[in-house]
Amino acid sequence: MWPVLIQEAILDILEVTSYQCRVERTSQRAPFYSLTVNGESESERMKIDGQNVEISNRDKVFFPDTHLTKGDVIDYYVKIAGSMIPHIKHHGISMQRFPDGLKGSGFYNKDAPDYFPDWIKTVQFAKEGGGSFNAPVVDKKSSLVYLADQAVLTFHPYWGRIDDLKHPERMIFDLDPPKDTEDFQNVRDCAQEIQDILERLDLRGWIQTTGSMGFHIHVPIIREFGFDKVREFAHDIGLLVVKANKDRYTLEEREEKRKGRVFIDFLRNSYGATSVAPYAVRAR
DNA sequence: GAAGGTA
DNA sequence: TACCTTCAACGCCCG
DNA sequence: CGGGCG
Ligand SMILES: [Mn+2]
Ligand SMILES: [Mn+2]
């Protein structure tokens with residue numbers, strides 16, 4: 001069952017003290033390269049899952065502060081693919097792309113462009129007012145690497161499963177500490193409060209670090225409810241936690257009303273909402 | 001990163 | 001050819 | 001309705 005799927009990214013809640021997954025320049029680039037040099041410019045390809053994946057601009061600097069490059073990002077995703085993909089392979093992805101690295105502004109891309117190869121799986125999302133878009137699905141390493149080459153730094157999954165987008169298999173709590181906080185205790189305690197309630201309900205929460213200061217708690221649920229019900233349930237659990245600790249936690253989304261409190265973001269449980277994937281690189 | 005429109 | 005723009009729609013809530 | 005939020 002799916003707690004097995006999630007084991008790698010999810011730490012036991014009591015053991016979470018650090019929260020960084022770093023891209024580092026490893027001594028060794030990702031394997032299975034063949035190099036073709038044509039004059040000045042070199043193009044490379046990797047063979048993954050039997051797919052040839054074209055790689056460009058490995059040396060382009062994506063992180064000016066550390067001089068980490070697009071190649072470093074690709075190597076990172078190759079390295080953690082086996083841990084990351086089980087969490088996202090049944091979900092559409094909203095892509096956050098930075099073709100010019102952090103010095104550029106970046107953009108979100110939900111609709112997979114026509115030029116994406118046909119071996120990149122997509123899932124069609126119906127839009128409210130008619131029409132649709134096709135979100136890519138990262139169900140294999142080759143797709144992960146292709147998108148990394150497309151300068152996708154951060155992967156934002158929609159948490160409706162692709163076999164039935166309207167009946168999620170998980171409830172999510174996105175715990176957001178105040179901006180620029182150094183404090184880790186409040187959000188940690190908040191996670192524990194939620195965990196205690198879940199336990200009493202015979203539910204189990206799996207905690208995810210996000211590369212920022214917050215956590216996500218993923219709770220496996222039966223697939224009988226639409227997002228509205230799941231969101232309402234998450235809100236009710238949030239209420240219990242907030243009631244007991246009004247000065248530390250809040251359900252107010254608006255920045256100005258949070259007033260230094262941890263925001264329990266139950267609104268992630270919505271059709272068309274995303275939250276950052278486990279193991280995703282963040283643009284910082 | 002790549003396509004499409006415009007100068 | 002060179003340069004510029006586009007690429008986030010959507011749900012939800014609040015005032 | 002527009003705007004904040006993610
Ligand atoms: Mn968050
Ligand atoms: Mn949030």
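As a basis for the values below, the full set of heavy atoms in this structure was taken, side chains included, without hydrogen atoms, waters or symmetry mates. All chains are named by letter (A, B, ...) in the order of the sequence lines, taking the proteins before the strands, and each is independently numbered beginning at 1.
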Output the rounded distance in Å from [atom1] ([X]) to [atom2] ([N]).
X	N	atom1	atom2	result
A:W159	C:dG11	CH2	P	20 Å
A:F263	D:dG4	CZ	P	16 Å
A:R231	D:dG6	CZ	P	16 Å
A:F116	B:dA3	CZ	P	11 Å
A:D111	C:dC7	CG	P	11 Å
A:L165	C:dG11	CG	C1'	15 Å
A:R254	C:dC12	CZ	C1'	11 Å
A:I55	B:dA2	CD1	P	11 Å

Is it the case that A:K166 places NZ or CZ above or below the six-membered ring of A:F227, under 6.0 angstrom from the centre and within 45 degrees of the axis?
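No - A:K166 does not lie over the ring of A:F227 by the 6.0 Å and 45° rule.
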So is A:R204 actually on top of A:W206's ring, under 6.0 Å and inside 45° of the axis?
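Yes - A:R204 lies over the ring of A:W206, closer than 6.0 Å to its centre and within 45° of its axis.
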For the residue pair A:F125 and A:V123, establish whether any side-chain heavy-atom pair is separated by less than 4.5 Å.
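In short, these two side chains touch, coming nearer than 4.5 Å.
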So do A:V276 and A:Q208 actually touch side chain to side chain, heavy atoms under 4.5 Å?
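Heavy-atom side-chain distance check passes, below 4.5 Å.
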Using heavy-atom distances to pick each residue's nearest nucleotide on DNA chain C, tell me which of A:K257 and A:G272 is more 5'.
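Closest to the 5' end, via its nearest nucleotide, is A:G272.
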DNA chain C: 5'-proximal contact among A:Y158 and A:F227 (nearest heavy atom)
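Counting from the 5' end, the first nearest nucleotide belongs to A:Y158.
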Take atom C1' in C:dA8 and the same atom in D:dC5, then report the distance between them in whole Å.
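That atom pair is separated by 13 Å.
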Inter-nucleotide P distance (D:dG6, C:dC7), Å rounded:
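To the nearest whole Å, 22 Å.
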From the set [options], return the single nucleotide nearest to any side-chain atom of [X].
X	options	answer
A:D174	D:dG3, D:dG6, B:dA2	D:dG6
A:Q150	C:dC13, C:dG15, B:dA2	B:dA2
A:K60	C:dC13, D:dG6, B:dG1	B:dG1
A:E255	B:dG1, D:dC5, C:dC13	D:dC5
A:N109	B:dG1, C:dA8, C:dG15	C:dA8
A:K110	D:dG6, C:dA9, C:dC14	C:dA9
A:D265	C:dG11, B:dG1, D:dG6	D:dG6
A:K70	D:dC5, C:dA9, B:dG1	B:dG1
A:P99	B:dG1, C:dG11, D:dG2	B:dG1
A:E253	B:dG1, C:dG15, D:dC5	D:dC5

Inspect the surroundings of CD in A:E199 and state if more than 12 heavy atoms from other residues, nucleotides or ligands are less than 6.0 Å away.
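12 or below, so no.
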Approximate separation, where rounding is to 0.5 Å, of A:F116 CZ and A:Y146 OH
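That separation rounds to 5.0 Å.
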Tell me whether A:F107 is stacked on the nucleobase of B:dG1, counting only the six-membered base ring and applying the 5.5 Å and 30° thresholds.
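Stacking is present between B:dG1 and A:F107, given that their ring centres fall under 5.5 Å apart and the planes under 30°.
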How is A:D149 classified with respect to the nucleic acid when contacts are heavy atoms under 4.0 Å: base, sugar-phosphate, or nothing?
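It contacts sugar-phosphate atoms only.
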Is A:N269 touching bases, backbone alone, or none of the nucleic acid, heavy atoms closer than 4.0 Å?
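Result for A:N269 = nothing.
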Check whether any side-chain nitrogen or oxygen of A:S94 sits under 4.0 Å from OP1 or OP2 of C:dA9, and answer yes or no.
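No, because none of the side-chain N or O atoms of A:S94 sits under 4.0 Å from OP1 or OP2 of C:dA9.
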